[in-house]
Amino acid sequence: MSTALITGCDYGIGFEFARQYAADGWKVHAVCLDEASREKLSALSNDVHFHHVDVSDPAAVSALAERLRGEAVDLLINNAATFAPDGPGTLMLPDMDEFTRVMRVNAVAPIYVADAFETHVAASDRKLMVFIGTRSGSIGDNGSGGHYAYRCSKAALNMAVKSLSCDFAAQGVITAVLHPGSVATETRKGGQIPVDESVTGMRGIIEGLTKEQSGSFRRYDGGTIEW
Ligand SMILES: NC(=O)c1ccc[n+]([C@@H]2O[C@H](COP(=O)([O-])OP(=O)(O)OC[C@H]3O[C@@H](n4cnc5c(N)ncnc54)[C@H](OP(=O)(O)O)[C@@H]3O)[C@@H](O)[C@H]2O)c1
């Protein structure tokens, strides 16, 4: 049985990843921010294990890694992320604490999660670490500005994933950033792509990832994106 550990499973893309992998017979460790999500995750299958962990809390992440010590994780999906509402002024900046919170959850936490679970992933058959990024984090694709906190956090995540592909190469761990498309979720009602379609597409990309593609930035429907 293959095992996935997925962060940010309360709803949206993370929940759908958990649902689809569980339906395909995977064991899933579902990391959620809200204790209230336990019931719906646990109801997916007996092989879905709920973990109430804030990914931006290093002690909680280390404790989870310790609890799962000795268990191989074929696929780590760093999906959890947050957003800051626009503030006033031309740049519509949120206050600096909010900006920093977004950086911490979206860019810094995934690096620490990757570090905490390196041995679990390296001990598995598939050795995959995937990070859900966004086209909004692409410098080459940025023609409209705005959303400083979210864009900067996801651009920083891109850099981290590229570096992880270098630093984990000797362990055979493959890393990639995936853009899910503009997905209709509970928090993003204006998205165009149904969440099951996006996740099915990303699972196809994940399934085909090779060592040569480690450290790449890819779309849910195939193809790469400019960094
Ligand atoms: N939807 C899109 O169109 C789109 C486009 C491009 C990229 N993405 C990326 O895709 C991923 C999933 O997006 P989504 O639309 O499914 O968003 P979402 O519905 O807001 O889901 C994000 C999940 O992460 C959880 N989370 C937030 N902070 C966390 C923390 N500190 N620790 C643990 N979990 C935490 C959230 O829990 P709470 O809700 O309880 O805070 C939620 O379950 C994100 O990385 C996002 O940036 C989405």
Side-chain angles (χ1 to χ4, degrees), residues 5-20 28-41 44 48 50-65 76-85 98 100-114 116-117 129-138 141-142 144 146-158 160-161 176-203 205-206 217-221 225:
L5 189 149
I6 307 164
T7 68
C9 290
D10 297 275
Y11 44 80
I13 291 169
F15 180 83
E16 181 62 15
F17 267 124
R19 193 191 69 74
Q20 289 197 16
V28 175
H29 290 292
V31 174
C32 294
L33 193 54
D34 190 350
E35 177 60 35
S37 303
R38 180 184 291 273
E39 206 173 316
K40 68 177 180 185
L41 264 309
L44 289 173
V48 173
F50 174 89
H51 304 280
H52 185 201
V53 172
D54 178 343
V55 295
S56 65
D57 175 352
V61 170
S62 297
L64 177 60
L76 168 63
I77 304 181
N78 277 282
N79 164 78
T82 190
F83 193 80
E98 267 295 278
T100 307
R101 183 187 64 81
V102 173
M103 293 298 295
R104 183 177 172 105
V105 173
N106 295 3
V108 180
I111 304 171
Y112 285 79
V113 171
F117 287 96
M129 281 193 195
V130 165
F131 300 76
I132 309 304
T134 170
R135 198 177 148 189
S136 302
S138 164
D141 189 65
N142 184 358
S144 58
H147 304 301
Y148 279 79
Y150 188 65
R151 280 192 189 280
C152 291
S153 68
K154 292 292 191 173
L157 177 68
N158 287 354
V161 176
V177 183
L178 298 185
H179 168 54
S182 173
V183 184
T185 61
E186 288 86 339
T187 50
R188 196 189 287 233
K189 305 263 189 255
Q192 285 102 47
I193 303 156
V195 68
D196 58 335
E197 185 182 325
S198 167
V199 168
T200 300
M202 288 191 282
R203 288 182 60 217
I205 306 293
I206 291 167
F217 187 11
R218 314 180 72 78
R219 291 173 53 94
Y220 78 102
D221 55 357
I225 307 187

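Remember, it's a predicted structure, so these values are computed and weren't measured experimentally. Position 1 is the first residue of the sequence; numbering continues from there. One-based numbering, in listed order, for ligands and for the atoms of each. Computed from heavy atoms alone, side chains included, the values below leave out hydrogens, waters and symmetry copies.
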message: Could you work out, for atom 34 (N) of ligand 1, the closest of S198, A80, A109, G137 by heavy-atom distance?
response: A80
query: Looking at ligand 1, does F15 have a heavy atom less than 4.0 Å from it?
result: no
- prompt: Less than 4.5 Å apart, any side-chain heavy atom of R188 and any of F83?
  reply: no
- request: Compute the shortest N/O to N/O distance between V55 and ligand 1 and return yes if it is under 3.5 Å, no if not.
  value: yes
- request: Report the member of V195, I132, V31, V53 with the shortest heavy-atom distance to atom 33 (C) of ligand 1.
  value: V53
message: Between ligand 1 and A184, can you find any atom pair, the residue atom being a heavy atom, that is separated by under 4.0 Å?
response: no
Residue, atom name and distance, where the atom is the protein heavy atom closest to atom 37 (O) of ligand 1: D10 OD2, 3.3 Å
statement: atom 47 (O) of ligand 1 sits nearest the protein heavy atom Y150 OH, 2.6 Å
Inter-residue atom distance Y148.OH - M103.CE, 0.5 Å rounding: 14.0 Å
message: According to side chain to side chain donor-acceptor pair (under 3.5 Å), who are the partners of N106, at least two apart in sequence or on a separate chain?
response: S153
- prompt: In the protein, what heavy atom is nearest to atom 13 (O) of ligand 1, and what distance, to one decimal place, separates them?
  reply: I13 CD1, 3.9 Å
Whether D10 side chain and S37 backbone form a donor-acceptor pair below 3.5 Å: no
message: Is it the case that ligand 1 has an N or O less than 3.5 angstrom from some N or O of S182?
response: no
query: Is R135 in contact with ligand 1, taking contact as a heavy-atom separation below 4.0 Å?
result: no
- prompt: Do any N or O atoms from the side chain of R19 and from the backbone of L44 form a donor-acceptor pair under 3.5 angstrom?
  reply: no
task: Quick one: pull up CD1 in I132 and OH in Y220 and give me the separation to the nearest 0.5 Å.
output: 13.5 Å
message: Return the OG1 to CZ distance between T7 and F17, rounded to the nearest 0.5 Å.
response: 10.5 Å
query: What closest approach, in Å, do A107 and A156 show between heavy atoms, and which atom pair accounts for it?
result: CB-CB, 3.8 Å
query: Judging by distance only, is a nitrogen or oxygen of C32 under 3.5 angstrom from one on ligand 1?
result: no
message: Regarding ligand 1, does N79 bring an N or O atom to under 3.5 Å of one of the ligand's N or O atoms?
response: yes
query: Do F15 and L41 come close enough that some side-chain heavy atom pair is under 4.5 Å?
result: yes
- prompt: Rounded to the nearest 0.5 Å, how far apart are CD of E16 and OG1 of T200?
  reply: 6.5 Å
message: Just to confirm my output: which protein heavy-atom neighbour is closest to atom 3 (O) of ligand 1, and how far is it?
response: V183 N, 2.7 Å
task: Starting from atom 28 (N) of ligand 1, find the nearest protein heavy-atom neighbour and note its residue, name and distance.
output: L33 CD2, 3.7 Å
field: N or O pair under 3.5 Å between R188 and ligand 1
entry: yes
message: Does any N or O of ligand 1 fall below 3.5 Å from an N or O anywhere on P180, backbone included?
response: no
query: Does even one non-hydrogen atom of D54 get within less than 4.0 Å of ligand 1?
result: yes
message: I need the E186 CD to I13 CD1 distance, nearest 0.5 Å.
response: 10.0 Å
query: Counting heavy atoms only, which part of F83 comes closer than 4.0 Å to ligand 1: side chain, backbone, both or neither?
result: neither
message: Below 4.0 Å, non-hydrogen atoms only: which portion of T185 touches ligand 1? Side chain, backbone, both or neither.
response: side chain
- request: Measure from atom 27 (C) of ligand 1 to every heavy atom in A60, G191, A81 and give the option owning the shortest one.
  value: A81
statement: Separation between OH (Y112) and CG (D57), nearest 0.5 Å, reads 13.0 Å
query: Going by heavy atoms in the side chains, are R101 and S56 under 4.5 Å from each other?
result: no
task: Could you check atom 23 (C) of ligand 1 against the protein and tell me its nearest heavy-atom contact, residue, atom and distance included?
output: G8 O, 3.5 Å
- prompt: What atoms of ligand 1 come within less than 4.0 Å of a heavy atom belonging to G12?
  reply: 16 (O), 19 (O)
- line: atom 21 (O) of ligand 1: closest protein heavy atom, distance to 0.1 Å, is Y11 O, 4.1 Å
- request: Would you check if L178 and I206 make a side-chain contact, meaning some heavy-atom pair closer than 4.5 Å?
  value: yes
- request: Spell out, as yes or no, whether a donor-acceptor pair under 3.5 Å connects the side chain of R151 to the backbone of S136.
  value: yes
message: Is it the case that ligand 1 has an N or O less than 3.5 angstrom from some N or O of D34?
response: no
query: Is the closest N or O pair between H179 and ligand 1 shorter than 3.5 Å?
result: no
query: What is the closest protein heavy atom to atom 18 (P) of ligand 1, and at what distance does it sit?
result: T187 OG1, 3.5 Å
query: Would a distance-only check, ignoring hydrogens and angles, find a side-chain to backbone donor-acceptor pair under 3.5 Å from H52 to L33?
result: yes
task: Could you list which atoms of ligand 1 come closer than 4.0 Å to a heavy atom of G181?
output: 2 (C), 3 (O), 4 (C), 5 (C), 6 (C)
field: ligand 1-proximal atoms of E186, by part, heavy-atom distance under 4.0 Å
entry: neither
